[in-house]
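The structure appears right after this line, and notes come after that.
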Amino acid sequence: MRKDWHKYFMDIAELVSERSTCDRKKVGAVIVKDKNILATGYNGSIAGLEHCDDVGHDLVGGHCVRTIHAEQNAIVQAAKHGVAINGAEIYVNTYPCWNCFKLIANSGIRAIYYKDAYNIDTRIQEAARKLKIDIIEIR
């Protein structure tokens, strides 16, 4: 049976997450517009610096701050290559954090699809409602 588009792009986000260099949580993101992949990202260290997997975690308040989140890396990849993402959708295998949501919203992404309901922040739900950004769980 042929996969629907949402499952297809979420499966790609899962595959992208396998490139993550932080073993605490492997996250992948795929930015899509008109059923075309515009950019991908996974959580990992700043390009050229040490990875968590190699030198350990930099923990602050129980969270690793060495890594850049998958959503951030996908948005940066699009910007770096001059790819417009206004009006796009993002598929993330994990519910975004507040900081990633703010970047997603300001980049013009209009829908967030997620798989893992990890650490859901009610501020995101309220802001998304006001901004008319859809947040949809994909199983």
Side-chain angles (χ1 to χ4, degrees):
M1 174 176 266
R2 189 173 184 194
K3 291 181 183 186
D4 69 30
W5 286 106
H6 297 301
K7 178 73 172 133
Y8 173 74
F9 290 124
M10 189 58 71
D11 285 353
I12 293 171
E14 286 283 359
L15 183 62
V16 170
S17 77
E18 293 177 17
R19 291 279 308 153
S20 171
T21 60
C22 184
D23 60 7
R24 286 176 52 90
K25 185 79 175 149
K26 295 195 175 286
V27 182
V30 179
I31 300 174
V32 174
K33 189 170 185 179
D34 300 325
K35 297 185 177 75
N36 290 291
I37 296 172
L38 303 179
T40 64
Y42 53 87
N43 56 322
S45 298
I46 296 170
L49 294 183
E50 298 85 6
H51 300 292
C52 296
D53 290 351
D54 298 330
V55 297
H57 302 285
D58 183 4
L59 297 178
V60 174
H63 297 280
C64 184
V65 296
R66 182 182 307 283
T67 61
I68 300 168
H69 290 188
E71 304 93 324
Q72 296 167 346
N73 270 327
I75 291 167
V76 167
Q77 184 187 73
K80 192 174 184 179
H81 295 286
V83 177
I85 59 173
N86 189 44
E89 305 170 326
I90 190 166
Y91 290 79
V92 188
N93 65 331
T94 302
Y95 195 88
C97 71
W98 177 239
N99 284 329
C100 285
F101 173 78
K102 292 186 287 185
L103 289 173
I104 289 166
N106 273 8
S107 72
I109 290 173
R110 304 310 312 153
I112 301 166
Y113 295 92
Y114 72 95
K115 183 176 179 183
D116 180 9
Y118 173 81
N119 234 4
I120 292 181
D121 186 328
T122 56
R123 294 176 296 179
I124 294 170
Q125 295 165 330
E126 177 67 19
R129 186 184 57 73
K130 289 179 181 177
L131 296 168
K132 295 181 176 37
I133 297 172
D134 295 324
I135 302 177
I136 302 153
E137 184 177 20
I138 301 292
R139 288 265 173 216

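Computed from a predicted structure; not experimentally measured. The first residue of the sequence shown is numbered 1, and numbering continues consecutively from there.
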_Going by the rule salt bridge (charged side-chain N to carboxylate O under 4.0 Å, His left out), which residues pair with Asp121 if we only count those two or more places apart in sequence or in a different chain?_
Arg123
*Determine whether Ile124 and Leu103 fall in the same hydrophobic cluster, where Ile, Leu, Val, Met, Phe, Trp and Tyr are linked whenever their side-chain heavy atoms lie under 4.5 Å apart.*
yes
*Check the angle between the aromatic planes of Trp5 and Phe9 and answer parallel, tilted or perpendicular using the 30° and 60° thresholds.*
parallel
*Note, Gln72 side chain near Ile75 side chain (heavy atom, < 4.5 Å)*: no
*Any chance the side chains of Thr21 and Asp53 put a donor and an acceptor closer than 3.5 Å?*
no
_In the structure I gave you, are the side-chain heavy atoms of Glu50 and Ser45 within less than 4.5 Å of one another anywhere?_
no
_If the threshold is 4.0 Å, N to carboxylate O, is there a salt bridge linking Arg110 and Glu89?_
no
*Would you check, one step at a time, whether the test side-chain contact (heavy atoms from CB on, under 4.5 Å) holds for Asn43 with Asn73?*
CA-CA 7 Å; Asn43 56 322; Asn73 270 327; 5.8 Å; no
_Contacts of type side-chain contact (heavy atoms from CB on, under 4.5 Å), residue Ile120, not counting sequence neighbours_ = Tyr95, Tyr114, Ala117, Gln125
_Counting only heavy atoms from other residues, nucleotides and ligands, does the tally under 6.0 Å from CD1 of Ile46 exceed 12?_
no
*How far does CG of Asp23 sit from NZ of Lys25, to the nearest 0.5 angstrom?*
12.5 Å
_Between Lys26 (side chain only) and Ser20 (backbone N and O only), is there a donor and an acceptor less than 3.5 Å apart?_
yes
*Do the side chains of Val55 and Leu49 join up, straight or via other hydrophobic residues, at under 4.5 Å, putting them in one cluster?*
no
_Taking the side chain as everything from C-beta on, heavy atoms only, tell me whether Lys115 gets closer than 4.5 Å to Glu14._
yes
*Find out if a path of hydrophobic residues (ILVMFWY) with successive side-chain heavy-atom gaps under 4.5 Å connects Val16 to Leu38.*
no
*Does Cys52 have any side-chain contact (heavy atoms from CB on, under 4.5 Å) partners at least two apart in sequence or in another chain, and if so, which?*
Cys22, His57, Cys64, Arg66, Thr67
*Between Pro96 and Phe101, what is the shortest heavy-atom contact and its length?*
CB-N, 4.4 Å
*For the pair Asn86 (side chain) and Ala84 (backbone), establish whether a donor and an acceptor sit closer than 3.5 Å, ignoring hydrogens and angles.*
no
_Path from Val76 to Val83 over hydrophobic side-chain contacts below 4.5 Å_ = no
*Could you walk me through whether Tyr91 and His6 pass the side-chain contact (heavy atoms from CB on, under 4.5 Å) test, one step at a time?*
CA-CA 8 Å; Tyr91 290 79; His6 297 301; 2.7 Å; yes
*Do the non-hydrogen side-chain atoms of Ile109 and Ile85 ever get within less than 4.5 Å of each other?*
yes
*With the side chain counted from C-beta on, respond yes when Ile112 and Ile133 share a heavy-atom pair under 4.5 Å apart, and no when they do not.*
yes
*Quick one: closest heavy-atom pair of Ser17 and Val27, and the distance?*
CB-C, 3.4 Å
*How close do Ala74 and Ala29 get, heavy atom to heavy atom, and via which atoms?*
CB-CB, 4.2 Å
*Measure across Leu131 and Ala105 and return the closest heavy-atom pair with its distance rounded to 0.1 Å.*
CD1-CB, 4.0 Å
*Beyond-backbone contact of Ile90 with Ile104, side-chain heavy atoms, under 4.5 angstrom*: yes
_Counting C-beta onward and ignoring hydrogens, is there a side-chain heavy-atom pair between Ile31 and Ile37 closer than 4.5 Å?_
no
*Do the non-hydrogen side-chain atoms of Ile12 and Val30 ever get within less than 4.5 Å of each other?*
yes
*asked:* Just verifying a value: how many Å separate Glu18 CD and Leu15 CG, rounded to the nearest 0.5 Å?
replied: 5.0 Å
